[in-house]
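Predicted model only: the values in this text are computed from it and were never measured. Quick note: residue numbers are just sequence positions, from 1.
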Amino acid sequence: MSTGHEIAMALRAAYLAMHRRSDATFARYGVTADQFVILAALRGGCAVAQRNLARRTVSDPNTVRAMLLLLEKRGFVARTPDPSDGRVLSVALTPTGRKVYAALWKAGKPVRTRLLGSLGPGESQTLLDLVSRSMAPPDDRNSHSQDPSRTRS
């Protein structure tokens, strides 16, 4: 039987390997894996409050802000004051950002294929559910499995 430490170390090793492969894949576009996560979180087209983007990407708000400044400088995202509360910045992909995201998504296919390659039908969803449920804050543990909007592709 595996210990919690062995599981934690295996998850860490898998994450770091995926992160390194993603960084290497996206480097030719001048984008890091972490910046790709930001672009992916914005892919739906609607503007998102910067603080909500930090929550959505499970990132530190200061780190997200720093990445957004870089992405904004490159013309991939636009940050604008929220019309209902000017103190809040809303973030959206620009047309250039949408094109770059599409290219990054295509370039990342080998990484995703390798990640999912050893899993059988339904196992990726089972793995996601197990990890999400086990590491969710106590108040959220039941809501993840019952919320039909939490689907992954």
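Atom-to-atom distance recorded for Ile38:CD1 and Arg56:CZ is 10.5 Å, nearest 0.5 angstrom. One distance of note links CE of Met9 with CD1 of Ile7; it measures 13.0 Å at 0.5 Å rounding.
Of the possible donor and acceptor atoms, one in the side chain of Arg98 sits under 3.5 Å from a partner among the backbone N and O of Leu93. With hydrogens and angles ignored, the 3.5 Å screen pairs no side-chain donor or acceptor of Arg51 with any backbone N or O of Pro61. A donor-acceptor pair under 3.5 Å is absent between the side-chain atoms of Gln125 and the main chain of Gly122, judged by distance alone. Checked by atom type and distance alone, the side chain of Arg74 pairs as donor or acceptor with a backbone atom of Gly30 at under 3.5 Å.
Counting only residues at least two apart or on different chains, the salt bridge (Lys or Arg N to Asp or Glu O under 4.0 Å) pairs with a member in residues 82-93 are Asp85-Arg87. Within the structure, no pair that satisfies the side chain to side chain donor-acceptor pair (under 3.5 Å) test touches residues 111-120, not counting sequence neighbours. For residues 18-33, the set of pairs meeting the salt bridge (Lys or Arg N to Asp or Glu O under 4.0 Å) definition, not counting sequence neighbours, is empty.
A single hydrophobic cluster is seen to contain both Val111 and Leu16, as judged by linkage of ILVMFWY side chains at heavy-atom distances under 4.5 Å, directly or through other members. Cluster annotation: Trp105 and Val100 are assigned to the same hydrophobic cluster (Ile/Leu/Val/Met/Phe/Trp/Tyr, side-chain heavy-atom contacts under 4.5 Å, transitive). Cluster membership for Leu70 and Leu68, using ILVMFWY side-chain heavy atoms within less than 4.5 angstrom, is not shared. A continuous path of Ile, Leu, Val, Met, Phe, Trp and Tyr side chains, each step under 4.5 Å between heavy atoms, connects Val77 with Tyr29, placing both in one hydrophobic cluster.
Annotation: side chain of Val31 is in contact with side chain of Phe76 (closest heavy-atom distance under 4.5 Å).
Listed by chain and number, the residues in a salt bridge (Lys or Arg N to Asp or Glu O under 4.0 Å) with Glu72 are Arg79 (sequence neighbours excluded). The side-chain contact (heavy atoms from CB on, under 4.5 Å) test applied to Leu119 returns Leu116, Glu123, Ser124, Leu127, not counting sequence neighbours. Under the rule for a ring-ring contact (aromatic ring centres under 6.0 Å, His included), the partners of Phe26 that lie at least two apart in sequence or sit in another chain are Phe36. Remark: Ser22 engages no residue in a side chain to side chain donor-acceptor pair (under 3.5 Å) (not counting sequence neighbours). Ser59 is linked by a side-chain contact (heavy atoms from CB on, under 4.5 Å) to Thr57, Val64, counting only residues two or more places apart in sequence or in another chain. For Asp60, the side-chain contact (heavy atoms from CB on, under 4.5 Å) criterion is met by Asn62, Thr63, not counting sequence neighbours. Contacts of Ala78 classified as side-chain contact (heavy atoms from CB on, under 4.5 Å), with partners at least two apart in sequence or in another chain: Thr94.
Annotation for Ala40 and Tyr101: closest pair CA-CE1, 3.5 Å, computed over non-hydrogen atoms. Minimum heavy-atom separation, Leu53 to Val48: N-CG1, 3.7 Å. The two residues Met67 and Gln35 make their nearest non-hydrogen contact at SD-N, 3.8 Å. In terms of heavy-atom proximity, Thr25 sits nearest to Ala107 at CG2-O, 3.3 Å.
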